[in-house]
Amino acid sequence: MRYIFEKERGSLVAHQQADLLIVGGGVGGVSAALAALRRGRSVIMTEQTPWLGGQLTAQLVPSDEHRRIETTGRNRSYSQFRDLVREHYRTYYPLTAAARADRHLNPGAAWVSPLSVEPKVILSVIDGLLRPYEASGKLTILREATPIAVHADGDLISAVEVRDREGTVRELSAPYVLDATELGDLLELGGVEFVTGRESRHETGEPGAPETADPSDMQSVTWCFAVEHLEGEDHTIDRPADYDFFRDWRPPQLDGEPMLGFRRAAHDGSIAREYTLHVNPDDDPFAIDVDHRNMGEAPELWNYRRVAARRQFEDGTYESDIVIVNWPMNDYVGGPLFGTEDASLHWDRSKSLSRSLLYWLQTEAPRPDGGVGWPGLRLAPQVTGTDDGFAMMPYFRESRRIRAQRTILEHDFDRAFRDGHGAERYPDTVGVGHYYWLDRHATTGGSAGGGGLPEPFEIPLGALLPQRVRNLLPAAKNIGTTHISNGSYRLQPVEWSIGEAVGALAAYCLDRGIEPTAVRADARRLRDFQDELERGGVQLRWDPELRW
């Protein structure tokens with residue numbers, strides 16, 4: 001890597017160069033970095049927050065995984081990552097004998113995922129995976145660095161400027177630039193063609209698309225927080241200034257139901273649900289059903305996204321379970337957090353909703369015993385990396401999405417339109433993924449959300465290639481999906497596969513002096529690249545007999 005320093009406009013400007021520049025250190029960014037580094041390439045990676053890991057760490061989102069994740073439908077690198085997370089617990093945590101012996105250890109015993117864990121453990125594993133490359137000088141990580149400008153020379157990105165928290169500006173350049181930001185920031189900064197919000201049926205041909213498009217109609221965001229419960233204690237926070245508004249808020253997306261309430265009306269063919277909350281139940285960690293198809297009409301919230309189940313550890317290790325609150329009650333639908341003039345307002349209000357939810361849970365929420373409120377609920381900053389127990393960043397379900405050479409459509413994999421044949425088999429597949437639903441939460445444009453049932457699907461290379469720009473690749477939720485298809489392709493294991501594919505693609509192109517579009521356009525090169533991916537442990541196809 002090259003480093004050049006010069007004085008400019010009163011601040012120190014550092015020019016750094018590498019083979020790959022990855023802007024964004026989330027799930028896809030980390031996976032892309034590892035793929036390139038393992039192929040001998042040098043990498044600069046930037047991250048806006050102090051933590052790498054994105055959804056899994058700074059946003060406090062336990063991994064949403066499919067029911068076959070332990071055996072198939074994931075890359076070898078992702079499987080190894082999961083193994084390292086479990087090994088971290090076996091090495092450092094006082095697990096019960098039964099938990100330690102469990103091949104499929106789930107420390108949180110949560111039903112959201114077969115591997116629900118504390119975000120700091122994920123962070124430790126990620127740091128461990130990357131540390132050898134930092135030590136060798138192959139990897140430079142710039143934390144708390146925000147992209148502020150993108151320089152382009154025609155159809156090529158020539159440099160990206162980032163500013164750190166001290167105000168130092170760095171100009172970073174590489175033959176390939178990967179946008180692994182949570183919101184596709186480089187697309188807007190660099191003038192790369194993109195789409196946001198919902199498309200019209202005329203544009204995509206999707207049966208579930210509406211008649212009109214709306215770039216500002218996006219899925220709700222959630223500002224997560226972590227809590228524990230200490231019986232007999234009072235940890236009630238100060239009443240939020242806007243609590244009355246959020247307590248009484250009945251957005252049209254909820255069909256008249258209050259936002260701060262356990263009931264959700266049926267929509268889009270789903271059933272009505274009355275969520276339950278039983279704090280610190282003496283539940284059996286081995287009896288948790290992680291198959292979302294069995295959640296029923298009364299899903300339990302306490303063990304939904306629990307990241308530390310005290311019954312998995314020796315007595316006295318935890319006073320309480322630790323739970324991540326990423327529930328329907330703090331899905332913010334008041335407006336988008338980017339792309340509009342009032343985005344900063346909604347950014348603040350999304351966190352205000354979560355704060356109001358906590359106060360409601362402590363004071364007014366109906367308890368199963370007929371009382372109201374759990375004042376013993378206490379924020380758990382010891383797991384969040386923040387002083388207040390809230391996530392560093394909100395959880396974004398939608399991003400800017402590239403105008404791609406191949407857009408993934410609803411009817412490519414929604415089983416309602418596949419006539420029993422499974423998802424589209426793409427000639428240019430570079431990975432696979434799955435989830436239980438085409439999971440679209442309520443949106444800022446008034447939609448209640450909902451979606452179809454996805455067949456196990458593939459990731460086409462064409463969805464990772466912009467239509468025009470030649471050396472920028474998406475490495476997160478900013479690939480060529482639609483508002484609808486994004487509902488399944490946005491999950492963490494899929495983002496990992498996307499990152500690995502583009503990191504490997506950039507290294508492959510550098511090794512051969514070709515461009516990504518040439519790989520897809522030439523059947524021989526495409527097959528050669530796919531063979532390399534498979535040798536590296538990338539799963540390109542599902543068993544054709546497997547269905548939703």
Side-chain angles (χ1 to χ4, degrees), residues 1 18-48 51-57 74-78 80-81 122 125-127 129-134 138-143 145 147 157 160 162 172-187 192 399 402 404 430-433 459 461 463-466 469 471-480 489-511 516 519 529 532-533 536-539:
M1 285 178 212
D19 294 328
L20 266 72
L21 167 60
I22 303 174
V23 180
V27 178
V30 168
S31 177
L34 287 168
L37 290 163
R38 288 166 177 166
R39 289 165 171 80
R41 290 296 171 176
S42 62
V43 173
I44 299 171
M45 180 163 60
T46 74
E47 165 54 31
Q48 188 172 347
W51 283 5
L52 301 179
Q55 297 182 56
L56 293 172
T57 57
R74 76 282 190 269
N75 291 352
R76 184 169 65 211
S77 61
Y78 187 72
Q80 292 169 341
F81 165 72
I122 298 284
V125 170
I126 287 173
D127 287 345
L129 285 167
L130 294 174
R131 181 59 201 154
Y133 302 103
E134 284 189 279
K138 282 288 188 179
L139 171 65
T140 298
I141 302 175
L142 304 176
R143 294 172 176 84
I157 303 299
V160 177
V162 300
L172 312 174
S173 61
Y176 285 96
V177 178
L178 274 54
D179 185 344
T181 61
E182 297 300 324
L183 296 177
D185 296 337
L186 300 192
L187 305 184
V192 182
S399 167
I402 63 167
V430 291
V432 298
I459 304 167
L461 177 58
L464 312 183
L465 302 178
V469 179
N471 69 332
L472 181 138
L473 298 168
K477 296 183 289 291
N478 51 349
I479 68 170
Y489 278 76
R490 66 177 170 81
L491 283 308
Q492 295 95 331
V494 185
E495 186 176 329
W496 183 282
S497 295
I498 290 166
E500 183 162 0
V502 295
L505 177 63
Y508 181 90
C509 291
L510 286 168
D511 289 344
V519 177
F529 176 57
E532 181 182 305
L533 288 175
V538 171
Q539 182 174 336

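Hydrogens, waters and symmetry mates are skipped; everything else that's a heavy atom, side chains included, is used.
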Output yes when a side-chain donor or acceptor of [X] lies under 3.5 Å from a complementary backbone atom of [Y], and no otherwise.
X: E500; Y: A35; answer: no
X: S31; Y: W496; answer: yes
X: T46; Y: L142; answer: no

Which pair of heavy atoms, one from I126 and one from G53, lies closest together, and at what distance? CD1-CA, 3.7 Å
Just verifying a value: how many Å separate [X] [atom1] and [Y] [atom2], rounded to the nearest 0.5 Å?
X: I22; Y: L172; atom1: CD1; atom2: CG; value: 12.0 Å
X: L505; Y: L461; atom1: CG; atom2: CG; value: 6.0 Å
X: L37; Y: E134; atom1: CG; atom2: CD; value: 10.0 Å
X: L465; Y: L473; atom1: CG; atom2: CG; value: 6.5 Å
X: I157; Y: L186; atom1: CD1; atom2: CG; value: 7.5 Å
X: L20; Y: N471; atom1: CG; atom2: CG; value: 10.5 Å

Less than 4.5 Å apart, side chain to side chain, heavy atoms only: is that true for Q48 and E182? no
Taking C-beta and beyond as the side chain, do P474 and I498 meet within less than 4.5 Å on heavy atoms? no
Tell me, please, which residues at least two apart from [X] pass ring-ring contact (aromatic ring centres under 6.0 Å, His included).
X: W51; result: none
X: Y133; result: none
X: F529; result: Y508

Are E495 and R490 close enough for a salt bridge, meaning some N to O gap below 4.0 Å? no
